[in-house]
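Structure record follows, encoded as C-alpha cells.
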2 protein chains.
Amino acid sequence: MFKLAAELRYGQAMRLSRESVLKGAFAILDRYGLADLTMRRLAAELGIQPGGLYWHFANKQTLLAAMADQITGSDRFTEPDRFMGETGWRPELQMVSTRLRSALLAHRDGAELVAAGYALRPGSGQPLERMTKIIQQAGLGDHDAAAAAATLTHFVLGHAAEVQAHDQLRRAGALPDDHDQFPDPDAAFTTGLEIVLDGIAARCSAVNAAPSTPRSRAR
Amino acid sequence: MFKLAAELRYGQAMRLSRESVLKGAFAILDRYGLADLTMRRLAAELGIQPGGLYWHFANKQTLLAAMADQITGSDRFTEPDRFMGETGWRPELQMVSTRLRSALLAHRDGAELVAAGYALRPGSGQPLERMTKIIQQAGLGDHDAAAAAATLTHFVLGHAAEVQAHDQLRRAGALPDDHDQFPDPDAAFTTGLEIVLDGIAARCSAVNAAPSTPRSRAR
DNA sequence: ACCTGAACACCGTTCAAGT
DNA sequence: ACCTGAACACCGTTCAAGT
C-alpha cells in the first residue's frame with residue numbers, strides 16, 4: 001500500500017525512449033541555448049538521474065549528433081526528386097540551400113550544433129549529397145561538383161551561424177537596439193547565394209565550352 | 001636564509017605577462033588541441049595556480065578572443081595596400097583568402113577557435129574589412145560588397161574547419177589510412193575560391209552593365 | 001602588482017545495485 | 001529493460017590573504 005503511494009510519488013512517471021530524450025533535449029536547446037544543454041540539466045528536465053541518460057545515448061556527443069541529424073536530415077531534402085519537373089539545376093540548388101537555412105534557423109543555435117557534429121560526414125550530410133548530385137547533373141565532374149557543394153554548404157552554414165551568433169548577442173543585451181546596423185541578413189543571404197550560384201554557373205559554362213581543358217576560366 | 005631558499009624553490013619562477021600567458025595557451029593549443037585548453041591546464045603549464053590567470057585575463061572567453069585576434073589580425077592582412085601595384089581586385093582577394101587560410105591552418109583547431117570567438121566582429125575582422133574594401137573598389141555597392149566579403153569569409157573559415165576536423169579524426173585513428181578518400185583539400189580550396197571569385201565577378205559586370213538595375217544577372 | 005589557497009557551483013561519465 | 005545512488009575526475013570563477 002505504502003509502496004504504491006511511494007511509486008505514485010517517486011516512481012517512474014513514464015518510461016523514457018530515445019525519442020522522448022531527444023524531444024527534451026530540443027526543448028532545452030530552444031529555450032536556453034546550446035551552452036545550457038548539459039546532461040545533468042536534461043536529466044532534471046526529464047525527471048531522472050544524470051546516469052540514467054546513458055542507457056539511451058552512449059554519451060553527449062552521440063546525443064548532439066542525433067540532434068544534428070534530425071535538423072539536417074529532415075525529409076525536406078529527400079523530397080520527390082522531380083517534384084517540380086525540369087526546372088534546372090539553379091532553382092533546385094536555390095531551394096535546397098534555402099531549406100537548409102530554414103532548418104538551421106528553426107532551432108536556437110542550430111547552425112553551431114550542426115557545425116560541431118559535422119554535417120559533412122557521410123550519411124547525415126543529406127543536403128550536401130543532394131547538392132553534389134544536382135551539380136553533377138549540371139555538368140561538372142565529381143571533384144568539381146564535390147568542391148562546389150562544399151562551398152555552398154560552408155556559405156549556408158556560416159551565414160546561419162553568424163545570424164544566430166548575432167541573436168545571442170542581442171539576447172545578452174550587448175547590442176544598440178539593433179534595427180539594421182547589421183543590414184538585413186535575408187538580403188545578405190540572397191546576395192551570397194546568387195554569388196555562389198553564379199560562380200557555379202561560370203564553372204559549368206567553362207567546362208561546356210572547353211571540355212578537354214576544364215582549367216580555362218570565363219572572362 | 002631559509003626564506004631565500006624557499007623562494008628559490010617555490011617562489012615565482014618569473015613574473016608572467018599577458019603575452020607569456022598567450023604564448024603558453026598557444027603551446028597547449030598546438031600540442032593538445034582546443035578541447036584540452038583549460039584554464040587549469042594552462043595554469044599548470046605556466047607554473048601558477050588557476051586563480052592567478054584571472055589577473056591577466058578577465059575570463060576564458062577573453063583569452064580565446066585574444067588568441068583568435070592574434071591569428072586573424074596578423075600584419076599579413078594590413079600589409080602595404082598597393083604593394084603589388086595595380087593587379088586588380090581578383091588577385092588581391094585571392095591573396096587575402098589564401099593568407100587567411102594559412103593563418104587558420106597554422107594552429108591546431110585554429111578555424112574552430114576563430115569561428116567561436118567570432119572573427120566577424122568589427123576590429124578583429126581585419127581580413128573581412130580588407131575584403132570588403134577590395135570588393136568596393138571593384139565596383140560593388142556597400143551592401144553587396146559586405147555580403148560578398150561575408151560569403152568569401154564563410155567559405156574560407158568553413159573549408160579550414162572541415163580540414164582540421166578531418167585532421168582530428170585522423171589523429172583519433174578513426175580513419176581508413178587516409179591517402180585521398182577525402183580528395184585533396186588544396187584542390188577543393190582552389191576550386192571553391194574560384195567559384196566565389198567568379199560569382200563576385202559576375203555581380204560586378206551585372207552592376208557595370210546596368211548601373212540603375214543592379215538586380216539584373218549575367219547569363 | 002602578481003599570485004596563493006581554498007572554496008563554490010558546476011560538469012560528463014561510470015557502475016554496482018535496485019525494481 | 002530502465003533507472004537510482006553514489007562516486008570519480010574534472011571544469012570556470014571568485015576572493016580573501018599573502019608577498
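Lettering of chains follows the sequences in order, A, B, ..., and the numbering in each one begins at 1. Atom set for the values below is all heavy atoms of this structure, side chains included, hydrogens, waters and symmetry mates excluded.
- Rounded to an integer number of Å, the gap from CG of B:Leu63 to C1' of D:dG12 is 12 Å.
- Nearest-nucleotide mapping onto DNA chain C: of B:Gly51 and A:Arg41, the residue sitting toward the 5' end is B:Gly51.
- The nucleotide whose nearest atom lies closest to any side-chain atom of A:Trp55 is, among D:dC3, D:dG12, C:dC3, D:dC3.
- Separating the P atom of D:dA9 from that of C:dC10 is a span of 22 Å, rounded to the nearest Å.
- Side-chain contact between A:Gln168 and A:Asp109 is present, with at least one heavy-atom pair separated by less than 4.5 Å.
- Taking side-chain N and O atoms only, B:His56 has a distance below 4.0 Å to OP1 or OP2 of C:dC3.
- Residue B:Pro50 has its side chain nearest to D:dT13 when only D:dT13, C:dC2, C:dC11 are considered.
- When distances run from any side-chain atom of A:Arg15 to the nucleotides D:dT13, C:dG12, D:dA1, the shortest one goes to D:dA1.
- A straight line from CG of A:Leu53 to P of C:dT14 spans 13 Å, rounded to a whole angstrom.
- In this structure, B:Gly52 and A:Ser17 both approach DNA chain D, and ranking their closest nucleotides by distance from the 5' end singles out A:Ser17.
- Rounded to whole angstrom, the span from the CZ atom of A:Arg40 across to the P atom of D:dG5 amounts to 14 Å.
- Considering all non-hydrogen atoms of both residues, A:Arg203 and B:Glu194 come closest at NH1-OE1, 2.7 Å.
- Ranking D:dG5, D:dC2, D:dG12 by closeness to the A:Gln49 side chain, first place goes to D:dG5.
- When both distances must be under 3.5 Å, the Watson-Crick or G-U wobble mate of C:dT13 is D:dA7.
- The side chain of A:Ile48 lies closest to D:dC3 when the candidates are D:dG12, D:dT13, D:dC3.
- For B:Lys60, the NZ atom sits in a packed shell: over 12 heavy atoms of surrounding residues, nucleotides or ligands are nearer than 6.0 Å.
- For the C1' atoms, the distance linking C:dC11 with D:dC8 amounts to 12 Å, nearest Å.
- Here the P atom of nucleotide D:dC15 and the CG atom of B:Asn59 are 14 Å apart, to the nearest Å.
- With D:dC11, C:dT13, C:dC3 as the candidates, the nucleotide lying closest to the side chain of B:Thr38 is D:dC11.
- Across the strands present, D:dT19 finds its partner in C:dA1; the criterion is a Watson-Crick or G-U wobble pair with both atom distances under 3.5 angstrom.
- Distance check, rounded to the nearest 0.5 Å: CG of B:Leu46 to NZ of B:Lys23 gives 11.0 Å.
- Expressed to the nearest 0.5 Å, how far CG of B:Leu93 lies from OG1 of B:Thr98 amounts to 10.0 Å.
- The OH atom of B:Tyr54 sits 18 Å away from the P atom of C:dC2 (whole-angstrom rounding).
- Atom CG in B:Leu42 sits roughly 17 Å away from atom P in D:dC10 (whole-Å rounding).
- One interatomic measurement links the two molecules: CG of B:Asp36 to P of D:dC10, which rounds to 11 Å at whole-angstrom precision.
- Counting to the nearest Å, the P atom of C:dC10 and the CE atom of A:Met39 are 18 Å from each other.
- Pairing each heavy atom of B:Met67 with each of B:Phe26, the nearest pair is O-CZ, 3.6 Å.
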